[in-house]
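Please read the structure below before turning to the comments.
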Amino acid sequence: MKILLVEDERPLAAAVVRVLADAGYHLTWEGDGRKGYETAMREEFDLIILDIMLPSKNGWDILSDLRQARKTMPIMMLTALEETDDKVKGLELGADDYLPKPFEVPELVARVRALFRRDKVNKSIVTRIADLEIDRKNRHVTRGGKLIPLTRREYDLLEALASNEGRVLSRETIQERVWTDEESYSNTVDVFIGTLRKKIDAPFEQKLIHTVHGFGYVLKSEHP
Ligand code: CA
């Protein structure tokens, strides 16, 4: 398991490297933000541990640029700033965990192990139906290997259908599952099915979303 540590405090970095290497991980250390970012882009890592206050490029920018570049490895943020705002910001930008400094080293090791466990579980959560692939960890959808950008609602709708592959879902059931937190209208489901079809089915010969008249919809492959 390869870990990249981007941390400019030498004594802290040395301690982290030592402890994680002892725990059996392969460590790469960068003390500079920009270099850390470049290393993360160039090489494959299973985890990145990222300080926030860094020379030349701060941890927030590194995190956000890596996620923009569709780098999906788990990222743990370290910070001396003990404000909960930071945690919220980090999680919004796509951090997987957040460890305030100062921390106890065993705590770090436990968190690293937990992240690896979680990542392993998440990685297995890919649904495939014909040539459609839904990656639940990253909420990415591809068909025939091509990324299909979906809005949050369209994604939720597709996931609701896909997790019930071959089962007909009524409009009411879909509405309850997908529009849990906001008002929706009687034709909302139909409207969103329409936009989803344009993206998922229209460009392809094999249609996956099927209408069950007077009832609802089903996602299935006709040639299993
Ligand atoms: Ca720092």
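Keep in mind it's a predicted model, so treat the numbers as computed, not measured.
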> Only one of Leu5, Ile3, Leu108 clears side-chain contact (heavy atoms from CB on, under 4.5 Å) with Met76; which?
Replying inline: Leu108
> Roughly how far apart are Leu147 CG and Glu133 CD, rounded to 0.5 Å?
Replying inline: 11.0 Å
>> Let me confirm one number: the CG-CD distance from Leu78 to Glu7, rounded to the nearest 0.5 Å.
In response: 6.0 Å
> Side chains of Asp156 and Trp179: does their closest heavy-atom pair fall under 4.5 Å?
Replying inline: no
>> Can you give me the closest heavy-atom contact between Ala21 and Leu27, atom names plus distance?
In response: N-CD2, 4.0 Å
>> Is any side-chain heavy atom of Tyr155 closer than 4.5 Å to one of His140?
In response: no
>> Could you measure the distance from the CZ atom of Arg197 to the CG atom of Leu208? Nearest 0.5 Å is fine.
In response: 10.5 Å
>> Determine whether Val109 and Val112 satisfy the following criterion, side chain to side chain contact (heavy atoms under 4.5 Å, CB included), listing intermediate values before the conclusion.
In response: CA-CA 5 Å; Val109 178; Val112 165; 5.7 Å; no
>> Using a 6.0 Å cut-off, check whether atom NZ of Lys35 has over 12 heavy atoms from anything other than its own residue.
In response: no
>> What's the separation between atom CE in Met77 and atom CG in Leu99, rounded to the nearest 0.5 Å?
In response: 11.5 Å
> Are any non-hydrogen side-chain atoms of Lys2 and Asp46 less than 4.5 angstrom apart?
Replying inline: yes
>> Does any part of the side chain of Leu54, heavy atoms only, come nearer than 4.5 Å to the side chain of Ile62, both counted from C-beta?
In response: yes
> Between Ser221 and Gln206, does a side-chain hydrogen bond (donor to acceptor under 3.5 Å, both in side chains) hold up when you go through it step by step?
Replying inline: CA-CA 8 Å; Ser221 164; Gln206 189 190 168; 3.0 Å; yes
>> How long is the straight-line distance from CD1 of Ile193 back to CG of Leu161, given to the nearest 0.5 Å?
In response: 5.0 Å
>> Are the side chains of Leu157 and Leu150 in contact, using a 4.5 Å heavy-atom criterion?
In response: no
> Ile48 and Ala40: which non-hydrogen atoms are nearest, and at how many Å?
Replying inline: CD1-CB, 3.6 Å
>> Holding to salt bridge (Lys or Arg N to Asp or Glu O under 4.0 Å), I want the full list of residues that pass it with Asp131, two or more places apart in sequence or in another chain.
In response: Arg143
> Applying ring pair (Phe, Tyr, Trp, His ring centres under 6.0 Å), which residue pairs with at least one partner in residues 6-39 are found, sequence neighbours left out?
Replying inline: Tyr25-Phe116
> Looking at Ile49, Leu63, Leu115, which hits side-chain contact (heavy atoms from CB on, under 4.5 Å) with Ile75?
Replying inline: Leu63
> Can you tell me if CD on Glu43 sees more than 12 non-hydrogen neighbours from other groups inside 6.0 Å?
Replying inline: yes
> What's the verdict on side chain to side chain contact (heavy atoms under 4.5 Å, CB included) for Leu158 and Leu132, showing C-alpha distance, side-chain angles and the deciding distance?
Replying inline: CA-CA 11 Å; Leu158 180 64; Leu132 175 74; 4.3 Å; yes
> Please walk me through it: do Met41 and Leu66 pass side chain to side chain contact (heavy atoms under 4.5 Å, CB included)?
Replying inline: CA-CA 7 Å; Met41 287 298 289; Leu66 287 175; 3.7 Å; yes
> Could you give all pairs that pass the side-chain hydrogen bond (donor to acceptor under 3.5 Å, both in side chains) test and reach residues 8-20, with sequence neighbours left out?
Replying inline: Glu9-Lys101
> To the nearest 0.5 Å, what is the distance between CD1 (Ile209) and CD1 (Ile200)?
Replying inline: 6.5 Å
> By salt bridge (Lys or Arg N to Asp or Glu O under 4.0 Å), which residues pair with Arg34, not counting sequence neighbours?
Replying inline: none
>> Tell me every residue that passes salt bridge (Lys or Arg N to Asp or Glu O under 4.0 Å) with Glu44, counting only those two or more places apart in sequence or in another chain.
In response: Lys71
> Between Arg153 and Thr188, is a side-chain hydrogen bond (donor to acceptor under 3.5 Å, both in side chains) present by the stated rule, with each step listed?
Replying inline: CA-CA 11 Å; Arg153 245 357 134 194; Thr188 299; over 6 Å; no
>> Counting C-beta onward and ignoring hydrogens, is there a side-chain heavy-atom pair between Asp51 and Val6 closer than 4.5 Å?
In response: no
>> If I compare all heavy atoms of Leu4 with all of Gly36, which pair ends up nearest, and what's the gap?
In response: CD2-O, 3.6 Å
> Can you check side chain to side chain contact (heavy atoms under 4.5 Å, CB included) on Arg139 and Arg152, steps first, answer last?
Replying inline: CA-CA 9 Å; Arg139 297 172 68 92; Arg152 187 166 67 91; 3.6 Å; yes
> Only one of Thr173, Val168, Ile174 forms a side-chain contact (heavy atoms from CB on, under 4.5 Å) with Ser170, so which one is it?
Replying inline: Thr173
>> Restricting to non-hydrogen atoms, name the atom on Ala160 and the atom on Leu169 that form the minimum distance, rounded to 0.1 Å.
In response: O-CD1, 3.7 Å
>> Among residues at least two apart in sequence or on other chains, which ones pass salt bridge (Lys or Arg N to Asp or Glu O under 4.0 Å) with Arg113?
In response: none
>> Which heavy atom of Ala162 sits nearest to which heavy atom of Ile134, and what is that distance?
In response: CB-CD1, 3.4 Å
> If we only count heavy atoms from C-beta on, is the Asp190 to Tyr217 side-chain gap below 4.5 Å?
Replying inline: yes
> Which atom pair, heavy atoms only, marks the closest approach of Leu196 to Glu154?
Replying inline: CD1-O, 3.8 Å
